[in-house]
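Taking it in order: structure first as structure tokens, then the write-up.
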Amino acid sequence: MNLTESLLLALKAHGARQIFGIPGDFALPFFKIIEESQILPLYTLSHEPGVGFAADAAARILGGLGVAAVTYGAGALNMVNPVAAAYAEKSPLVVLSGGPGKNESRAGLLLHHQAKTLDSQFQIFREITCDQVRLDDAERAPSDIARVLANCRRYSRPVYIELPRDMVAQACASVVAMPAAAVDDEALDACVEEIRARLQRASRPALMVGVEVRRFGLEARVAELARRLELPVVTSFMGRGLLADADAPLLGTYMGVAGLPEVTELVETSDGLFLLGVIVCDTNFGVSASKIDLRKTIQALDEQVTIGYHSYAQIPLTALVDRLLDRVPAASRSYSLAAHSFPCKMLADQAPLTPTDIAAAVNDLMAEHGKLPIASDIGDCLFTAMDIEHTALVAPGYYATMGFGVPAGLGLQAATGQRPLILVGDGAFQMTGWELGNCQRYGWDPIVLLFNNASWEMLRTFQPESRFNDLGHWGFAEMAAGLGGDGQRVGSRAALKAALDKAVATRGRFQLIELSIPRGVLSATLTRFVAGVKKLNA
Ligand code: TPP
């Protein structure tokens, strides 16, 4: 076995299902082994940000590892933003980068793709990954790979692996996975008892679930825990889509002043708020109607449980949930999804489109044809998604990078085989929309709803006086055919209904529906969100 094969088998054993990538001369040797070994399928895309987002989304949706393979310098550095997003939002993304061979620096010449020193790239990725290794020693490689992949899974954060191009075919032993880190049983018991007592004392306890619950594959167990503890459940903004199909008392998504009043009230008046795997960031908590005193909550995140004024260290979320389930007796009650009514039954008339109509049309579509997983970009499309039925959703809800939606949708389809729905604004589509051109080669056929308001509308909402937020009117619908898909432009509710019916009925080609939305027409959620942020910043 050679070093690359050993690495690929280890990636697979740690939960990778495919690789997204773009090669270059420093990466050609290991790409050749990826292709010929057939250990993991390889999907090449067009631009490294797309590679990073697709691999990130594949990791998010399946809870395994995402793998993004790139060349040294121009390739890897082009992926800094997606890796930073994965770091911020806790997605286990493995960056595989080609690198200069061991002796190449000795010629005394600067190497092409070199930024500052040959080590600059390694240093840059050190900042946005939780572990790094350069595989320059075939004997040490198996233990180095085992450590880096274990940390990727354990911390659910990106890692960086550099393959010097003269190392990739060196003989190498297989990787032996590291055992899971030991948990202090007594500390875990004490922590669980304290949480139970704290919840029992509370008169209005509630559970908020966040992205770690999905990252560690705990949705079914957390739903069971909520039933046993008889806790009402909400998701954080970033956690939207969690427990979508679980039998749990799920009330909705907490968004402070921008969200459903009953959810806001439940969270903000709770005297026993249990934050399970929730990243404590401004998009999750910034628009609180009344400030939540985090010291009064129970927080489990990053292997730490904080209750009031003290913390338990090294309590992994999985161990915590399992021990709570051991201690809390089974309940017989079962729940169906709380009956919050999302907009639906859109009138198919000649009225111009609003984001609420779009949500209603998607809800109608899913009621008729079953739920679709959604990949959303940042922009009003993500706020519109809050009016769509609970379904699996990947979105950059905290790091908020544009350009995520389209490649993430491709990652969803590659990872799950399910046809996804992609929600994206025209500004974000201008960044990475071209990746749709790769659908044809792989048989992917997402349905893309492109919110075209010829505007960076979210920015306009914050600063209406600036003309630089005006975008041109691009003919996206016409571009679809050249990319191997079908495009339709719609401006009325009737046209939207017809376009969606046609898109659902057409398999095998991506379906782009360009939604013409007048500037200034926003979802109700975004309107409330921006008003809330402005008030806080005032
Ligand atoms: N660049 C990146 C990569 N990410 C960002 N979030 C921004 C810039 C800043 N930004 C936030 S929202 C936005 C911009 C430029 C406009 C988004 O426009 P569009 O995708 O058309 O969605 P809309 O706001 O119109 O709903």
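Atoms within a ligand are numbered from 1 in the order they appear, just like the ligands themselves.
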For [atom], what's the nearest protein heavy-atom neighbour? Residue, atom name and distance, please.
{"atom": "atom 11 (C) of ligand 1", "answer": "L459 CD2, 3.9 Å"}
{"atom": "atom 18 (O) of ligand 1", "answer": "W456 CD1, 3.4 Å"}
{"atom": "atom 23 (P) of ligand 1", "answer": "E457 N, 3.7 Å"}
{"atom": "atom 15 (C) of ligand 1", "answer": "M402 SD, 3.2 Å"}
{"atom": "atom 24 (O) of ligand 1", "answer": "M458 N, 2.7 Å"}
{"atom": "atom 19 (P) of ligand 1", "answer": "G427 N, 3.5 Å"}

Next on the checklist: Check E219 with R214, please: is the shortest side-chain N to carboxylate O separation under 4.0 Å?
Outcome noted: yes

Checklist entry - Do R215 and E212 sit within salt-bridge range, that is, some charged N less than 4.0 Å from a carboxylate O? => result no

Checklist entry - Going by the order shown, which atoms of ligand 1 are within less than 4.0 Å of some heavy atom of D426? => result 21 (O)

Checklist outcome for this item: Note: D380, heavy atoms under 4.0 Å from ligand 1, region reported as both

Checklist entry - Counting heavy atoms only, which part of N453 comes closer than 4.0 Å to ligand 1: side chain, backbone, both or neither? => result side chain

Checklist entry - Would G403 count as a contact of ligand 1 if the rule is a heavy atom under 4.0 Å away? => result no

Under a 4.5 Å cut-off applied to non-hydrogen side-chain atoms, are [X] and [Y] in contact?
{"X": "V67", "Y": "L96", "result": "yes"}
{"X": "V211", "Y": "E89", "result": "no"}
{"X": "C281", "Y": "M238", "result": "yes"}

Next on the checklist: Aromatic contact between H47 and F53, with the criterion being ring centroids under 6.0 Å apart: yes or no?
Outcome noted: no

Checklist entry - Considering A428, A400, G425, which one's heavy-atom position lies nearest to atom 6 (N) of ligand 1? => result A400

Next on the checklist: Quick check for you: to the nearest 0.5 Å, what is the distance between Q121 atom CD and Y160 atom OH?
Outcome noted: 3.5 Å

Taking only distance into account, with no hydrogens and no angle test, what donor-acceptor pairs under 3.5 Å do side-chain atoms of residues 353-367 form with protein atoms, sequence neighbours excluded?
| unit_1 | atom_1 | unit_2 | atom_2 | d |
| --- | --- | --- | --- | --- |
| T354 | OG1 | T356 | N | 3.4 |
| T354 | OG1 | D357 | N | 3.2 |
| T354 | OG1 | D357 | OD2 | 3.1 |
| D357 | OD1 | R493 | NH1 | 3.0 |
| D357 | OD2 | T354 | N | 3.0 |
| N363 | OD1 | E389 | N | 2.8 |
| N363 | ND2 | P343 | O | 2.7 |
| N363 | ND2 | A359 | O | 3.2 |
| N363 | ND2 | D387 | O | 3.0 |
| D364 | OD1 | K345 | N | 2.6 |
| D364 | OD2 | K345 | N | 3.2 |
| D364 | OD2 | M346 | N | 2.9 |

